[in-house]
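All residue numbers in this chain count up from 1 along the given sequence.
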Amino acid sequence: MADNYQIDGQKLHFHPQRVAQFLDAGDDLDDLLKIYPIYMEVSPVGACNHRCKFCAVDYIGYKTANKLDTDRLCLIISELAEKGVKSIMFAGEGEPLLHKDIAAIAKYTKRSGIDVSFTTNAVAMTEKFIQTAIPYTSWIKASVNAGTEATYASVHATQTRDFSKVIENLTQAVKFRNDNNLDCVIGLQSILLPDNKDEMITLAKIARDEIGADYLVIKPYSQEPASITTEYQSISYKDDFSEQLGKELKKLNSDSFKINYRSETMRLYHEKQKDRYTTCFSTPVFMAYIMANGSVYGCKDKLFNEKFSYGNINENSFSEIWQNQLRRKNFAYVLTEMDVSKCRVNCRMDKINRYLFDLKSNKIKHLNFI
């Protein structure tokens, strides 16, 4: 079963017009400022009902008071659609389903012409959300980082009952999707840790046989430089166990269920810096991040870094923020000063950066011999 979702790759090459706009702009900041993101991540709330041991955004503090105003967010979403934004993932520094209007926001987003997705722990997935949001959602990826309730409670720092609740919620979501012949893809995701590595087979069978999910993604941990947690900063995926686990999981694939064991990303986790790109071309062009307090950042791994902060949607329109002097300064910094060796390894835009760096750097020789 092929990876039709290209989870372990990148899909920027399917947007040649936007890439051409980027290449034509060169280093002209005026032209670069006119390019709007294809993809955005939006954090509806700062609160979270879990305290996962691996959480990359623990340094933000799970601020319950931070929540995007529904009317203001919908106004911004309409503007984003007009400017060519094609997709929004609702996730962020909090649990997106804790926003009381999130189902209605998803519906509004899709009707505005923007594709919708969610990354969630799925504990707060209600019947209302399932019935209202799923018809307008491209995919939902649930973060489930264990195959037993005891390990799940330990890794997610929550109650053991949440494990069965998540399985029940996802099962109901799949049933509703199937009963109504909807297109929403429903999958699970787990970060491979010493705590849970012996339970990935169990989790895969639950996802396939109990939930009826479309896929399970198993990916490596990546240390966020700003994170408070450092428990897994020395983790390694070079052992025989990691290789063997991938082979065993592959046996569980079926016509309707795919395990995406991200072995290539695990390999890249240990790649030497000299073999990577030296400039981040995806920032601040092809993606953007809106925090639960309304702040707009060009990189989701640089939150609270003022060099990547462009403004706030509660104070200005997105266009005013996206084409202001702060973003201009960020362009200059990223292109001439930023040391990507200090960035998070395997960040969300890593594969995009590899592709863009090849396009911009003349690293690939004999290009005309296609």
**OP:** Please identify each residue that fulfils ring pair (Phe, Tyr, Trp, His ring centres under 6.0 Å) with Tyr221, with sequence neighbours left out.
**Re:** Tyr232
Original post:
According to the side chain to side chain donor-acceptor pair (under 3.5 Å) rule, which pairs have a member within residues 56-70, sequence neighbours left out?
Top reply: Thr70-Asp101
**OP:** Among residues two or more places apart or on two chains, list those pairs meeting salt bridge (charged side-chain N to carboxylate O under 4.0 Å, His left out) that have a residue in residues 158-174.
**Re:** none
Original post:
Which residues satisfy the salt bridge (charged side-chain N to carboxylate O under 4.0 Å, His left out) test with Lys329, sequence neighbours excluded?
Top reply: none
Subject >> side chain to side chain donor-acceptor pair (under 3.5 Å) against Asn314, all qualifying residues, sequence neighbours excluded >> reply: Asn312
Original post:
Mind checking what makes side chain to side chain donor-acceptor pair (under 3.5 Å) contact with Lys175, not counting sequence neighbours?
Top reply: Asp179
Subject >> Qualifying residues under side chain to side chain donor-acceptor pair (under 3.5 Å), relative to Thr229, sequence neighbours excluded >> reply: none
Throw together a table of side-chain donor-acceptor distances under 3.5 angstrom for residues 35-43, partners on residues two or more places apart or in other chains.
residue, atom, partner, partner atom, Å
Tyr36, OH, Ser319, OG, 3.3
Tyr36, OH, Gln323, NE2, 3.0
Glu41, OE2, Gly92, N, 3.1
Glu41, OE2, Lys300, NZ, 3.4
Ser43, OG, Val45, O, 3.1
Ser43, OG, Glu93, N, 3.3
Ser43, OG, Glu93, OE1, 3.1

Original post:
Considering residues at least two apart in sequence or located in another chain, which fulfil the ring pair (Phe, Tyr, Trp, His ring centres under 6.0 Å) criterion with Tyr261?
Top reply: none
Give the table of side-chain donor-acceptor pairs shorter than 3.5 Å for residues 133-143, with sequence neighbours excluded, one pair per line with atom names and distance.
residue, atom, partner, partner atom, Å
Tyr136, OH, Arg111, NH2, 3.1
Thr137, OG1, Ala133, O, 2.7
Ser143, OG, Asn145, ND2, 2.8

Subject >> Those residues that, when tested against Arg208, pass salt bridge (charged side-chain N to carboxylate O under 4.0 Å, His left out) (two or more places apart) >> reply: none
**OP:** Apply side chain to side chain donor-acceptor pair (under 3.5 Å) to Ser309 and list each qualifying residue two or more places apart in sequence or on a separate chain.
**Re:** none
